[in-house]
Amino acid sequence: MSIVTNAAPILCVVGARPNFMKIAPIMAALRAGPTPLPARLLHTGQHYDAAMKDAFFDQLGIPEPDIDLEVGSATHAAQTAEIMKRFEPVLEAERPAAVLVVGDVNSTIACALVASKMGVAVIHVEAGLRSYDRSMPEEINRVLTDQISDLLFTTERDAHLNLAREGVDDRRIHFVGNVMIDTLLGHLPQATPPARIFGAASDPNVFSRSATGYALVTLHRPANVDSPDILERLLRTLRRVSESIPVVFPIHPRTRTRIEAAGLSAALDTPRILELAPLGYLDMLGLMSKARLVLTDSGGIQEETTALGIPCLTVRENTERPITVEQGTNTIVGTDSRRIETAVADILAGGGKAGRVPELWDGKAAYRIKTVLNDWLKQGAPGRVARVAGR
Ligand code: UD1
């Protein structure tokens, strides 16, 4: 079992695209003066394409990873197992004070599990979110990661209640706000003007001169894109939506593969739908911040649109981020075509939800995390000691 000391670094883990905007402000805060905390960065390699990784590291100023496990894509079991196998010897050699994981992707649970079994403290940022839908792989990752975490940082107060219900000790939970919104607020001034992106359209005027503005769409959840029938229904819905508002659609690699395999490419073939490859952070932020509405199945985008005050329609039956519905601009519309089209029409007619920005989504979450971590390390990581001793 490794010994927790103040001098050992915090080993921060990233793996997939939504992790990058969360780790960026954490690395910056930990390494900032006047009292930097030693931190090292490990990338599992879950996402590896230039568009899925490099663009984010460059634009968000994330330091090159100190360690890259280069696992790549595979089935859930193979990917999770490969990360674990490659992470174990690294952890043995690094002997960090703690392993810090973010979000809910396979890299999150894989590294948390290895650390926990090696007696290394686990810190989970974005803990306690629950969709209560165990058919989502991310829900499994969330529940399990939280159970083996020593310090849990939450983005909204409901998360604390979820954790308490699952028996997590109150003293381990800290409500600090949302690190993804730290990144959003910090980069808004550099966001790409959408007109620059519309240059890729066959007729850019459809988008830049549209009286209704444009809708931004992202779809990548296995539940929405892996079944050809559901995918076809959603693409046909998008096509009909595009008749009332032009659609900008950056397509995730998973979705692109499924569209091609199902022979559905023609469904998007209209000058009113702009198909794009996955975008970098600043392009996406630029498009999101000026959209009339956003249609998405992403978790992060539900939060980003709430912070920006842009109406969001979530193409899922539930959300692990209820605050975006209760306080923000988010509406859950599911995958039923008529419901989606009615919700779009309502926004075009009435403006959509205005919402307000949730508590502590103020750009300072990473610094709050650092403050808590500082105290916790000074006290010798007390949660860990109690857990190992079985108290
Ligand atoms: C993963 C996360 C999901 C997150 C999403 C954001 C899990 C369980 N899921 O899903 O929570 O919302 O990332 O993107 O961790 N691929 C590439 N290039 C890459 C990475 C992937 O082409 O750099 C392709 C591969 O064909 C791969 C597929 O995308 O098989 C899916 O990638 P994977 O990491 O398995 O899951 P995501 O759907 O991206």
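Atoms within each ligand, like the ligands themselves, are counted from 1 in listed order.
Scanning the protein for heavy atoms near atom 28 (C) of ligand 1, the closest one is R254 CB, 4.2 Å. In terms of protein heavy atoms, atom 5 (C) of ligand 1 is closest to H220 NE2, 3.6 Å. In terms of protein heavy-atom proximity, atom 16 (N) of ligand 1 is nearest to Y48 OH, 3.7 Å. Ranking the protein heavy atoms by distance from atom 2 (C) of ligand 1 puts V105 CG1, 3.7 Å first. Here the heavy atom of the protein found nearest to atom 20 (C) of ligand 1 is H47 CD2, 3.2 Å. Of all protein heavy atoms, the one lying nearest to atom 8 (C) of ligand 1 is N106 OD1, 3.3 Å. Counting protein heavy atoms only, atom 24 (C) of ligand 1 is closest to P253 CB, 3.7 Å. Among protein heavy atoms, the minimum distance from atom 6 (C) of ligand 1 is reached at P18 CD, 3.5 Å.
One distance of note links CD of E243 with CG of L238; it measures 11.5 Å at 0.5 Å rounding.
Between the side chains of T270 and R239, no donor-acceptor pair is found at a separation under 3.5 Å.
Heavy atoms of H252 found under 4.0 angstrom from ligand 1 belong exclusively to the side chain.
Of all heavy-atom pairs between P278 and R17, the closest is CB-NH1, 3.8 Å.
Here Y281 and F20 keep their ring centres 6.0 angstrom or further from each other.
Between E138 and ligand 1, a contact under 3.5 Å exists for at least one N or O pair. Not a single N or O atom of H76, backbone or side chain, sits closer than 3.5 Å to an N or O atom of ligand 1.
Considering only non-hydrogen atoms, atom 18 (N) of ligand 1 lies nearest to D49 out of N19, D49, T108. The heavy atom nearest to atom 21 (C) of ligand 1, out of those in G15, A110, S73, is found in S73.
Close contacts of ligand 1 with R221, meaning ligand atoms under 4.0 Å from a residue heavy atom, involve 11 (O), 12 (O).
Taking the side chain as every heavy atom from C-beta outward, L274 and F198 approach each other to under 4.5 Å. At a threshold of 4.5 Å between non-hydrogen side-chain atoms, the residues H160 and D170 count as touching.
Legend: residues meeting side chain to side chain donor-acceptor pair (under 3.5 Å) with K22, ordered by chain and number and at least two apart, are E126.
Note on residues 177-187: pairs passing side chain to side chain donor-acceptor pair (under 3.5 Å), not counting sequence neighbours, are N178-E303.
With respect to E138, the salt bridge (charged side-chain N to carboxylate O under 4.0 Å, His left out) criterion is satisfied by exactly one of R221, R321, R316: R221.
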